Amino acid sequence: MDFNLSEEHIMIRNAARDFAQTELLPGVIERDNKQKFPNELVKKMGALGFMGIMVDPKYGGSGMDAISYVLIMEELSKIDASASVMVSVNNSLVCYGLETYGSEEQKQKYLTKLATGEFLGAFCLSEPEAGSDATSQKTTAIDKGDHYLINGTKNWITNGGSADVYLVIAQTDKEKGSHGINAFIVEKGMKGFHVGPKEDKLGIRGSDTHTLQFNDVKVPKENRIGANGSGFRFAMKTLSGGRIGIASQALGIASGAYELALKYSKERKAFGTEICNHQAIAFKLADMYTEIEAARYLVMKAAWDKDQGNNYDRSSAMAKLYASKVAMEHTVEAVQIHGGNGFVKEYHVERLMRDAKITQIYEGTSEIQKIVISRGLIRD
Ligand code: COS
């Protein structure tokens, strides 16, 4: 076991930290207020290699490992979780899904652009009646010989209004249940594909979340990903990696809130001393730091499992379950340490608290993570 980061990992973390401080921090409150994320920032993250972190350089990626991905995600999430969720979806759902399961033609056509930030990707699994119950897909893709005809609705889609490429999960044969599901590449602008209104959200308000409508969208046969009927497995495997991304986002939100709370507690005075000198605050800081470190080890273990080629279904579920709990609980504590100022936008912790909540919901709720963990324990 080696708990030290390599020099390369430290450089990568510092690059992400610098980017977050110089490019993300200045406009983060305004973007949250206006629910807007400028496309130029996606391009800048692409130029730094953040949009295809783990993608093979032969497809335009940075060729880094999952540990690097986690480090970048944590640093971006400390400042702007709306930016980091775009990075997470593009990297661990879209790029990973295409690189691992896509054909060479699909990789050349789409992955090379997604990995550089020229294109942005979205992953479309959730539906009005199929969130946690992901096998109950109502969106259909009917085989018409040389193409599929897609009909249905997808909900809460991150990057929904701004993506160029959408990976869409749909039912091709209801009789076959989870084995009758496929994944398809849908391009922005395909006839019959409509982007619905943007969701007005509690948190990650800078990220672009939409409902999508598919009305007789004609998708060429070559846009199906993998073998016929492999779409559910594709979604599950891809989401396992996605959960490492969201776990590291939760870690970043928690550690960002902790750093702000620590700094504030050393500056703010009450009863004649800095508030960190009061045990009520000092013990909160101790609990925050300890549990954030525990979350970090789970997140790093999941990333390490992925890098080693181990199965990471359980470790990613554990990392997401625990890191999101820590993010939710300790962002509330960070607001408490800030007192009245914590309730005010310019101190950032109220936004981190609002942003934390979604990490317990998307890419599998905490309850779903417990299903994944417990089923594995009982089976093994
Ligand atoms: N890797 C490979 N295969 C998997 C898998 C995984 N991680 N998880 C499930 N499968 C396979 C199963 O082995 C099963 O195949 P067989 O029929 O050949 O045995 C098939 O997929 C169906 O799995 P299962 O019977 O476990 O399906 P359930 O309907 O019980 O659902 C859960 C399983 C709950 C784990 C799944 O629906 C899930 O993860 N839901 C949450 C989805 C989610 O994260 N939504 C958020 C969307 S993104 S914002």
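All of these numbers come straight from a predicted model, not from anything done at the bench. Just so you know, ligand 1 is whichever comes first in the structure, and atom 1 is the first atom listed for that ligand.
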Considering only NZ, NE, NH1 and NH2 on the basic side and carboxylate oxygens on the acidic side, decide whether [X] and [Y] come within less than 4.0 Å.
| X | Y | answer |
| --- | --- | --- |
| D80 | R31 | yes |
| R296 | E293 | yes |
| K284 | E333 | yes |
| K221 | D146 | no |
| E40 | K44 | no |
| E363 | R243 | no |

Around [atom], find the nearest protein heavy atom and jot down its residue, atom name and distance.
| atom | result |
| --- | --- |
| atom 47 (C) of ligand 1 | S126 OG, 3.3 Å |
| atom 37 (O) of ligand 1 | S132 O, 3.4 Å |
| atom 14 (C) of ligand 1 | S178 OG, 4.5 Å |
| atom 5 (C) of ligand 1 | M236 CB, 3.5 Å |
| atom 29 (O) of ligand 1 | T135 OG1, 3.2 Å |
| atom 49 (S) of ligand 1 | E363 N, 3.3 Å |
| atom 25 (O) of ligand 1 | R375 NH1, 4.4 Å |
| atom 34 (C) of ligand 1 | I368 CD1, 3.8 Å |

Please report whether [atom] has a protein non-hydrogen atom at a separation of less than 4.0 Å.
| atom | result |
| --- | --- |
| atom 32 (C) of ligand 1 | no |
| atom 19 (O) of ligand 1 | no |
| atom 7 (N) of ligand 1 | yes |
| atom 12 (C) of ligand 1 | no |

Within 45° of the axis and under 6.0 Å from the centre of the six-membered ring of Y148, does NZ or CZ of K218 qualify?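 No, a cation-pi geometry is absent between K218 and Y148.
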Is the contact between F232 and ligand 1 made by the side chain, the backbone, both, or neither, using heavy atoms and a 4.0 Å cut-off?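 Under 4.0 Å from ligand 1, F232 contributes side-chain atoms alone.
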Side chains of S240 and D313: donor-acceptor distance under 3.5 Å anywhere?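 Yes.
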Establish, from distance only, whether the side-chain atoms of Q249 and S88 form a donor-acceptor pair under 3.5 Å.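 Side-chain D/A pair, Q249 to S88: absent.
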Heteroatom proximity flag, [X] to ligand 1, N/O under 3.5 Å:
| X | value |
| --- | --- |
| R243 | yes |
| S240 | no |
| G364 | yes |

Need the ligand 1 atom indices (1-based, order shown) with element for anything under 4.0 Å from a heavy-atom of [X].
| X | answer |
| --- | --- |
| A134 | 37 (O), 42 (C) |
| L239 | 43 (C), 44 (O), 48 (S) |
| G131 | 42 (C), 45 (N) |

Applying side chain to side chain donor-acceptor pair (under 3.5 Å) to Y264 and N341, what does each step give before you reach the verdict? CA-CA 10 Å; Y264 185 83; N341 284 330; 2.9 Å; yes
My understanding is that only one of L212, I185, V94, N159 makes a side-chain contact (heavy atoms from CB on, under 4.5 Å) with Y166; could you say which?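 Of the listed options, the one satisfying the test is L212.
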Salt bridge (Lys or Arg N to Asp or Glu O under 4.0 Å) contacts in which one or both residues fall within residues 84-109, not counting sequence neighbours: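 Counting only pairs at least two positions apart or across chains, the salt bridge (Lys or Arg N to Asp or Glu O under 4.0 Å) contacts touching residues 84-109 are K109-E187.
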